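Naming convention: chains lettered A, B, ... in sequence-line order (proteins, then strands); numbering from 1 in each chain. All values reported here derive from a predicted model rather than from experimental measurement.
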2 protein chains.
Amino acid sequence: MVSERLTRAAVAERALCLADAEGLEAVTIRRLAQVLGVTPMALYWHFKNKDELLLGIADHALSAVKATRDPSDPWQAQLRAMVEALVRVIREHPCLTALLQVVDKHQAASFARATNDALALLGQAGFGLRESFWVASYLLQGAVGLVASEPDRCPASLTGPEAAEWRRQRRLTMEKLSPDEFPMVVAFARTLEDAPDLERYYDLGIDLLLAGVEGVAKRNG
Amino acid sequence: MVSERLTRAAVAERALCLADAEGLEAVTIRRLAQVLGVTPMALYWHFKNKDELLLGIADHALSAVKATRDPSDPWQAQLRAMVEALVRVIREHPCLTALLQVVDKHQAASFARATNDALALLGQAGFGLRESFWVASYLLQGAVGLVASEPDRCPASLTGPEAAEWRRQRRLTMEKLSPDEFPMVVAFARTLEDAPDLERYYDLGIDLLLAGVEGVAKRNG
DNA sequence: ACCTGAACACCGTTCAAGT
DNA sequence: ACCTGAACACCGTTCAAGT
């Protein structure tokens with residue numbers, strides 16, 4: 001690998017690619033150093049330890065969250081635009097699902113930015129500060145959960161044919177369950193033959209998240 | 001440690017305790033073997049590898065999910081009872097938040113049981129099979145997310161005083177953000193002085209989850 | 001059937017040293 | 001300021017061997 005001068009940003013960018021391609025567990029100090037054409041210990045100059053490196057990757061990835069929303073729109077529409085922007089970025093960088101569970105997100109500037117916008121909007125919706133923060137967490141976790149539970153998602157480390165086999169095995173284990181004990185699951189397994197409509201999945205998911213906020217907001221206001 | 005004869009269940013139980021007390025990362029084959037008073041390789045007789053061990057722990061913990069619900073109640077009430085039962089168990093075993101992200105849940109019998117019940121109920125609510133499964137995923141991820149984002153939650157590895165210091169540091173980093181750029185976050189940080197009302201947090205969270213399902217169901221029906 | 005001992009290829013991290 | 005080399009205490013896992 002080419003070994004130019006390292007930068008925090010360059011290291012984070014490479015690590016992000018590696019994590020999206022092969023899963024977060026592929027991002028080891030030693031492996032990443034090898035990809036960067038450098039000694040493992042070189043990374044410790046730019047990041048205090050592995051936790052800080054992971055935080056740097058998350059911060060780097062989350063900085064791409066940009067909601068195009070019209071401040072004159074009602075808060076519901078603006079909130080939806082924010083959630084859609086968030087889901088879009090997490091779909092582009094699936095390693096964020098693992099990353100956001102592992103790192104202390106509140107230390108990332110890009111996360112503070114998004115939280116701040118959400119808090120402002122939820123204030124308009126009639127929530128107090130504490131409630132707003134809880135609702136914002138619900139939305140973030142929901143967005144992460146949607147991508148993590150995306151139909152047919154398999155470990156990032158698998159190649160194309162391996163992934164197909166993985167899905168087949170998954171369907172088979174569900175189909176082989178006792179039809180007396182688990183009739184609904186067995187019936188559902190049969191629907192897995194056809195590829196799922198991902199856009200419908202995400203539309204429903206985002207609807208669920210926002211309908212939750214709107215339902216609770218109405219009750220409050 | 002006492003070294004009686006090992007069982008799959010006994011190993012899973014011990015591992016669950018260790019994971020809840022010190023975090024899932026404390027559950028290594030070697031560490032667990034030491035706690036059980038046995039050689040690391042002994043565990044490989046009962047579990048094919050570490051993934052299967054983690055699945056066993058999750059299955060063991062999830063088997064405690066028992067919703068007391070009245071079949072004559074409307075589906076909304078029954079669904080709420082199920083979500084409440086799920087949240088209760090995850091709160092009792094916080095390592096489930098990490099565990100359920102890592103393992104292939106659909107291979108766990110106790111998970112199939114809960115999924116089957118949820119699918120039946122969501123059918124009553126007017127959802128098709130595929131949609132029901134997506135909604136069930138939303139609820140599961142939501143329950144996990146609620147516990148994972150519980151206010152003031154800190155790494156399980158920290159002891160009492162360490163946890164307090166961790167929370168103090170966390171509040172300080174948020175308070176020190178630029179009040180011009182992040183006014184809402186800085187204002188929120190000040191509310192962190194008082195201990196949060198966890199029951200209000202979980203009530204709101206569960207309301208959000210169910211309001212989402214009810215809102216989308218109404219639109220469909 | 002159930003468990004051990006030794007070995008292998010990995011980790012993250014520290015510390016002294018080089019330029 | 002930026003990076004290297006050697007070393008330490010950890011991992012999961014295999015394989016042959018013991019009872």
Just the rounded figure in Å: distance from C1' of C:dG12 to CD of A:E52.
15 Å
Whole angstrom is fine here: how far is it from OH in B:Y44 over to P in D:dT14?
7 Å
For the residue pair B:A143 and B:L209, what are the closest heavy atoms and their distance?
N-CD1, 3.9 Å
Among all residues two or more places apart in sequence or in another chain, which pass the ring pair (Phe, Tyr, Trp, His ring centres under 6.0 Å) test with [X]?
{"X": "B:F47", "value": "none"}
{"X": "A:F111", "value": "A:H106"}
{"X": "A:Y44", "value": "none"}

Report the residues that fulfil side-chain hydrogen bond (donor to acceptor under 3.5 Å, both in side chains) with [X], sequence neighbours left out, ordered by chain and then residue number.
{"X": "A:R167", "answer": "none"}
{"X": "B:D207", "answer": "A:R219, B:R80"}
{"X": "A:T159", "answer": "A:E162"}

Any protein N or O atoms within reach of nucleotides 8-11 of chain C? Criterion: under 3.5 Å, listing atom names and distances.
residue : atom : partner : partner atom : Å
C:dC11  : OP1  : A:T28   : OG1          : 3.4

Residue list, side chain to side chain contact (heavy atoms under 4.5 Å, CB included) with A:D59, at least two apart or on another chain:
A:A108, A:A109, A:S110
Sequence neighbours left out, what passes side chain to side chain contact (heavy atoms under 4.5 Å, CB included) with B:S178? Give chain and number order.
B:D180, B:E181
Residue pairs involving residues 189-204 of chain A (criterion side chain to side chain donor-acceptor pair (under 3.5 Å); sequence neighbours excluded)
A:R91-A:E199, A:E150-A:Y202, A:R200-B:E131
What stem regions, each of at least 3 consecutive Watson-Crick or G-U pairs below 3.5 Å, can be found for DNA chain D?
C:4-8 with D:12-16, C:12-16 with D:4-8
Pairs: protein N or O with nucleotides 2-6 of chain D N or O, under 3.5 Å:
residue : atom : partner : partner atom : Å
D:dC2   : OP2  : A:W45   : NE1          : 3.3
D:dC2   : O3'  : A:R5    : NE           : 3.4
D:dC3   : OP2  : A:H46   : NE2          : 2.7
D:dT4   : OP2  : A:T39   : N            : 2.9
D:dT4   : OP2  : A:T39   : OG1          : 3.3
D:dT4   : O5'  : A:T39   : OG1          : 3.4

